[in-house]
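Letters A, B, ... are given to chains in the order of the sequence lines, protein chains preceding strands, and every chain is numbered from 1.
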Amino acid sequence: MALEIYNVLHRAKEPFEPLHEGKVNMYVCGPTVYDHAHIGHAKTYVSFDVVVRYLRYSGYDVLYVQNLTDVGHLLDTGEDRILKKARQTQAVPMQIVETYTRSYFEDMDALGVVRPDISPRASGHIPEQIKMIERLIEKGHAYVSKDGNVYFDVTSWPSFGKLSNRQIEDQQAGVREDVREDKRHPADFALWKIAEPEHILRWDSPWGVGYPGWHIECSAMAHKYLGTTFDIHGGGIDNIFPHNECEIAQSEAANDAEFARYWMLVGTLMVPDEFGIPTKMSKSLGNFYTIKDALKLHRPEVIRMFILGAHYRNPIVFSEEALDAARRGWERIYGAVRLTREKLRTAPEGEAGNAFLDTLEQARRQFISAMDDDFNAPGGIAALHELTREVNILLNGEQPVGRAVLEAIDQTYRELGGQVLGIVPEEAESASGSAEREEGLIRLLIELRAQARADKNFQLSDLIRDRLSELGITVEDRPDGTVWRIN
RNA sequence: GGCGACGUCGCCAAGUGGCAAGGCAAGGGUCUGCAAAACCCUCACCGUGGGUUCGAUUCCCACCGUCGCCUCCA
């Protein structure tokens, strides 16, 4: 079966057929860089990371663009998020942007999220945005208000609302309307705003000194780097309205062409509130848990395992217990990988045990069939778990296993668990000078302990094991020797 | 009020018109000097009520419940 994607645009799974064979152009809405990223962001970007990795694994040439919003994203009060943070910390706006952009990449790198090919910033694409706004005005889809702001005229675009299936007249008009608004229709949205004196993030434009609306950046930058029509647009489901909807309307109105062909939206990460009711994790609610904090307690692979344990479209509820369960499941898989690599150190040459290659092939097929089904990562992980049982049986059994088979096992884990899902580390632990020395010392202690065990001096052998355990090193005795790992 | 998603074993979570993956936890074994790990065994009739069908957890309707969005949020 070939790849199918659930297209939010049509609320159905559809065979994936890129515009240009073998090539995928993809855009994902990135973060607003005014604070550290939290694990809700991790869910979205790890999810799309796996999408990109799997597409590449499947042989597609992917161009992945993910923007950074650094201007125009306003608060209820009308204040720009970036400016507010700058005022609070007595910094200039671009310092804030730089600080949190670096923080964002630091977190994503730590989580093993492959960087987008292009990470365009809104503030770096003001001319492109102005140009698009001009086109919209020319075509009669936007107007300059009496206060000098430019708005998109939703009544000029009948298909407005097609992604979220909303009829503008059905919405409760004025629910959160700004009383100062000078729009023709409550649903009209800002393309360009005239800057108040204190609004120092400002640019010249045909309509006066001001700044772009939030939505126009994605349309302008997607157009610049991916063309008028591209394959996949991704983001969090919480931005389906108004943001994604506005992107579609203004892009299709300006370019006379379909915007994105497949829309993929990721379910929200929730966190229990004080009463235990799941609530969306968000910066504004203040109930967020930063990626940096999560990484202090958990390995990146475990955080990925937690996120990928549910299908990307579904919401997940965050808790330490859930992360803990993910950790145990991950340890099971990684334990088999480690055992494989340990055996590889001393494996005999040859094809012994090569009947196992069928099992590997079957696991790969199962994995691919899950991932081809709208990137069903939980199904992919299940395939890995089932493989892991077979690997454990093989490696703990009596039959000799040759190097060829061990290498094939390792390779399967590297590709499916490493390359695609990013939950299997490349190498055990890094081999820096001090790490090598540490490893040597641990092996020395294990040798001494083996001697103590041979002498039935269990008091000493247990002492060594206990003291190593206190240092975070677990020792396991196997029939063919002792293995160890750092917790 | 409108739009959308969801409700599957103690917990997490896939899935299918024809006897319900996987993980965690739990109980019982095997192995071990003792552990640990691993392996084996045990552990669900799919929110409620209707309907369609030879047959529904899977399709349709209603209801109950939960969440998201309705111009701050990945």
Side-chain angles (χ1 to χ4, degrees), chain A residues 8 11 28-32 37-45 47-48 73-77 79 81 161 164-173 175-178 181 186-190 213-215 234-243 245-246 265-270 277-285 288 305-306 309-311 313-317 319 321-322 324-333 335-336 339 366 370 373 376-386 388-389 391-393 395-397 453 456 458 461-462 465 469 474-479 483 485:
Chain A
V8 180
R11 309 270 165 190
V28 170
C29 287
T32 304
H38 55 67
I39 49 177
H41 298 100
K43 169 159 162 62
T44 298
Y45 301 119
S47 298
F48 284 112
H73 202 163
L74 307 187
L75 292 158
D76 268 349
T77 56
E79 189 173 15
R81 296 160 156 354
S164 58
N165 203 8
R166 279 168 162 81
Q167 307 294 320
I168 48 179
E169 54 272 21
D170 284 348
Q171 303 297 308
Q172 264 182 33
V175 168
R176 293 166 84 172
E177 222 38 59
D178 184 334
E181 289 289 9
D188 289 351
F189 55 91
W214 172 37
H215 315 300
I237 184 83
D238 50 340
N239 271 336
I240 189 172
F241 191 93
H243 182 64
E245 209 65 83
C246 296
L265 300 176
V266 174
T268 304
L269 185 129
M270 321 287 285
I277 310 290
T279 312
K280 176 174 158 177
M281 179 176 289
S282 74
K283 290 178 188 170
S284 54
L285 288 177
F288 63 89
M305 188 86 172
F306 163 68
H311 190 274
R313 276 190 278 127
N314 290 344
I316 54 177
V317 180
S319 69
E321 297 73 53
D324 211 47
R327 196 200 82 232
R328 291 175 211 268
W330 175 78
E331 281 176 351
R332 197 175 120 72
I333 291 173
L339 184 57
Q366 190 186 339
D373 181 12
N376 188 339
I381 290 173
L384 248 30
H385 272 298
E386 288 177 41
T388 294
R389 188 177 54 248
V391 168
N392 280 324
I393 291 170
L395 299 188
N396 290 304
R453 292 180 70 217
K456 303 248 188 274
F458 298 121
S461 68
D462 287 354
R465 182 170 63 189
S469 172
T474 300
V475 168
E476 290 173 10
D477 298 323
R478 301 171 44 77
V483 298
R485 68 168 184 272

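Counting atom types as modelled, Asp462(A) pairs a side-chain N or O with a base atom of G33(B) as donor and acceptor under 3.5 Å.
With sequence neighbours left out, Asp324(A) forms a salt bridge (Lys or Arg N to Asp or Glu O under 4.0 Å) with Arg327(A), Arg328(A). For Lys280(A), the side-chain hydrogen bond (donor to acceptor under 3.5 Å, both in side chains) partners are Asp238(A), not counting sequence neighbours. Judged as a side-chain hydrogen bond (donor to acceptor under 3.5 Å, both in side chains), and not counting sequence neighbours, Thr279(A) has no contacts. Applying the ring-ring contact (aromatic ring centres under 6.0 Å, His included) rule to His385(A) yields no partners; only residues at least two apart in sequence or on another chain are considered. Residues that satisfy the ring-ring contact (aromatic ring centres under 6.0 Å, His included) test with Tyr45(A), not counting sequence neighbours, are Tyr104(A). Residues that satisfy the ring-ring contact (aromatic ring centres under 6.0 Å, His included) test with His41(A), not counting sequence neighbours, are His38(A). Every residue two or more places apart in sequence or in another chain that forms a side-chain hydrogen bond (donor to acceptor under 3.5 Å, both in side chains) with Arg313(A) is listed here: Asp374(A).
Residue contacts shown for Gly235(A) are limited to sugar-phosphate atoms, with no base heavy atom under 4.0 Å away. Ile393(A) comes within contact range of the sugar-phosphate backbone alone, with a heavy-atom separation under 4.0 Å but no base atom that close. In this structure, Val28(A) reaches neither bases nor backbone, as no heavy-atom distance under 4.0 Å exists between it and the strands shown. Nucleic acid contact class of Tyr45(A) (heavy atoms, under 4.0 Å, all strands): sugar-phosphate only.
In terms of modelled atom types and a separation under 3.5 Å, the side chain of Ser469(A) and the main chain of Arg465(A) share no donor-acceptor contact.
With a cut-off of 3.5 Å on both pairing distances, the Watson-Crick or G-U wobble partner of U30(B) is A38(B). The base-pairing partner of C69(B), taking Watson-Crick or G-U wobble contacts with both distances under 3.5 Å, is G2(B). Of all nucleotides present, none satisfies the Watson-Crick or G-U wobble test against U52(B) with each distance under 3.5 Å. Pair check for C19(B) finds none; no Watson-Crick or G-U wobble contact set falls under 3.5 Å. With a cut-off of 3.5 Å on both pairing distances, the Watson-Crick or G-U wobble partner of C63(B) is G47(B). Of the nucleotides present, none pairs with U57(B) by Watson-Crick or G-U wobble criteria with both distances under 3.5 Å.
The phosphate of C69(B) (OP1 or OP2) has a side-chain N or O of Lys280(A) nearer than 4.0 angstrom. A close approach under 4.0 Å does occur between a side-chain nitrogen or oxygen of Asn392(A) and OP1 or OP2 of C39(B). Between Ser47(A) and A74(B) there is no side-chain N or O to OP1 or OP2 distance below 4.0 Å. Checking the phosphate oxygens (OP1, OP2) of G4(B), a side-chain nitrogen or oxygen of Asn165(A) falls inside 4.0 Å.
For the pair Asn392(A) and Leu339(A), the tightest heavy-atom approach, listed with the atom from each and the gap, is OD1-CD2, 4.3 Å.
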Between the protein and nucleotides 5-7 of chain B, which nitrogen or oxygen pairs are less than 3.5 angstrom apart?
none

Checklist outcome for this item: Protein-proximity profile, nucleotides 20-31 of chain B, B/S/- by nucleotide at the 4.0 Å heavy-atom cutoff, equals -BSSSS------
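U53(B) and C41(B) have their P atoms separated by 42 Å, with the value rounded to a whole Å. Nucleotides A37(B) and A74(B) are separated by 41 Å at their P atoms, to the nearest Å. When the P atom is compared between C63(B) and G2(B), the two are found 11 Å apart, to the nearest whole Å.
With its ring centre under 5.5 Å from that of the base six-membered ring and a plane angle below 30°, Phe458(A) counts as stacked on G33(B).
Note that CG of Leu269(A) and CG of Asn314(A) are 12.5 Å apart. Values are rounded to the nearest 0.5 Å.
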